[in-house]
Undergrad: 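Sharing a structure below in structure tokens format, with a few things to ask.
What you see is a predicted model, and the numbers here were worked out from it, not measured in a lab. Both ligands and their constituent atoms are indexed starting at 1 by order of listing. Quick note: numbers below take in every heavy atom, side chains included, and nothing from hydrogens, waters or symmetry partners. This chain uses plain numbering: 1 for the first residue, then up along the sequence.
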Amino acid sequence: LSRSLIAIRHLDPNTIRDLLELAQAFRSKIRNGELLPSHADKTVGLLFFENSTRTRVSFEQAAALLGCKISAFTSAGSSMTKGETLKDTIMTLSRERINCMVIRHKASGAPGFAQPYLQGPIVNAGDGQHEHPTQALGDALTILDRKGKIKGLRVAIVGDVLHSRVARSNAWLLDKLGAEVRLVGPRNLMPRYPGLLPGKVGNRLEEGIEGADVVMCLRLQNERMSEGAIGSVREFASSYQINEDSLRYAHPDCVVMHPGPINRGVEIDDATADGPRSMILDQVENSVFVRTAVLHYSFGGGSL
Ligand code: ASP
């Protein structure tokens, strides 16, 4: 049995809960130095066609914790620079005994497109503006740690929602688990068809984060932005930056999240990023446990 993870949108709430529970179980075993299930017969291909620090390293760690062999692949050093297509690349790697592929790609839909060309599971490590499912799972685990629940929480996702796969995966996950999702940002950075994504859309930060238990900042995705989408970075920061001043409107116990990499002084200021409300490094740490759980699940593994 092999199971891919391409998008949160298609998961049912029970599968999401099971994955979060599995990640918690892996976390306690890893922290206690206990023996983990071994997938030493598996080779995981890490196909990062777009830059990454956190996600690539955490998938590497996760695969190593499960005893897998790792074959790392970047487009820069590959035959893709000679014009090979994604389809041919995947078919080639699948004959080279890669059992699972973790794919990061700048094109939305690339991991789903690759699926028919590999016998084994595919895990989406972030595709264009589409989804970043393991990020949302790591974020959910972090919220659970701090708030003890997800249902009923008010979560504001702030900034460049239009270009953000993190916003999409989080909106789906949080909505499925019963949170109240709000999408907040300038009109030009909001989804074109907001009805297709769960969450209430707003353009005023004060209203969007009013009473919020969780404020999720998003990086301005300059690499995906068309010219003139926002007036200037300074203007954006003055209306949408998360800092102690803007957080006056949120719940007094609100926590602040950011998927990284952070543009300090743009979507979040230094004091908040490094302050007691910040969950940024917990998100990073939890993503290792989540990715370990997801790889185990993708090989058909059950609860521990
Ligand atoms: N690291 C996240 C991603 O790959 C967020 C970002 O790049 O802004 O989507």
Side-chain angles (χ1 to χ4, degrees), residues 5-9 46-62 72-75 101-112 122-143 155-174 183-186 188-191 197 214-226 229-230 233 236-237 240-242 256-269 272-273 278-288 290-291 294:
L5 178 60
I6 306 287
I8 298 289
R9 180 179 186 168
L46 297 177
L47 281 65
F48 279 75
F49 299 111
E50 195 190 52
N51 294 346
S52 167
T53 303
R54 276 152 283 272
T55 307
R56 187 175 51 77
V57 172
S58 61
F59 269 112
E60 250 167 43
Q61 295 283 35
F73 181 97
T74 52
S75 48
M101 283 188 200
V102 175
I103 302 183
R104 153 75 56 105
H105 203 287
K106 70 174 188 312
S108 306
I122 290 194
V123 178
N124 181 1
D127 60 333
Q129 301 172 209
H130 175 224
E131 282 224 29
H132 196 350
T134 54
Q135 174 75 42
L137 287 164
D139 292 352
L141 189 57
T142 308
I143 295 174
V155 184
I157 304 180
V158 180
D160 185 359
V161 178
L162 175 64
H163 299 105
S164 172
R165 53 199 177 210
V166 172
R168 275 184 185 68
S169 288
N170 266 306
W172 284 114
L173 187 151
L174 293 164
L183 308 171
V184 192
N188 281 346
L189 297 182
M190 285 291 117
L197 197 63
V214 179
V215 175
M216 263 183 201
C217 310
L218 302 170
R219 183 177 65 86
L220 277 182
Q221 308 271 300
N222 294 310
E223 70 276 29
R224 291 182 237 284
M225 209 173 294
S226 54
I230 52 167
V233 170
F236 171 85
Y240 295 99
Q241 185 182 87
I242 299 304
V256 175
M257 305 177 82
H258 192 307
I262 315 174
N263 283 318
R264 284 176 180 266
V266 181
E267 61 266 355
I268 189 168
D269 74 339
T272 309
S278 171
M279 303 271 83
I280 297 172
L281 293 174
D282 300 289
Q283 292 170 261
V284 173
E285 194 178 2
N286 278 331
S287 77
V288 175
V290 156
R291 286 166 183 147
V294 165

Undergrad: Quickly, which of V266, V158, D269 forms a side chain to side chain contact (heavy atoms under 4.5 Å, CB included) with Q241? Name it, please.
TA: D269
Undergrad: Any side-chain donor paired with an acceptor under 3.5 Å for N286 and T142?
TA: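 Indeed, the side chains of N286 and T142 share at least one donor-acceptor pair under 3.5 Å.
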Undergrad: Is it the case that R104 and T55 place a side-chain donor and acceptor less than 3.5 Å from each other?
TA: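 Side chains of R104 and T55: pair found under 3.5 Å.
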Undergrad: Collect the protein residues that have a non-hydrogen atom under 4.0 Å from ligand 1 and hand them over in chain and number order.
TA: R104, H132, R165, V166, R219, Q221, P259, G260, P261
Undergrad: Measure up the F73 and F49 rings against each other and bin them: parallel (under 30°), tilted (30 to 60°), perpendicular (over 60°).
TA: perpendicular
Undergrad: Quick one about E131 and S169 (side-chain donor to acceptor, distance below 3.5 Å, no hydrogens or angles considered), yes or no?
TA: yes
Undergrad: Do L5 and L137 pass the side-chain contact (heavy atoms from CB on, under 4.5 Å) test, and can you show the C-alpha distance, the side-chain angles, and the key distance before you say yes or no?
TA: CA-CA 11 Å; L5 178 60; L137 287 164; 4.1 Å; yes
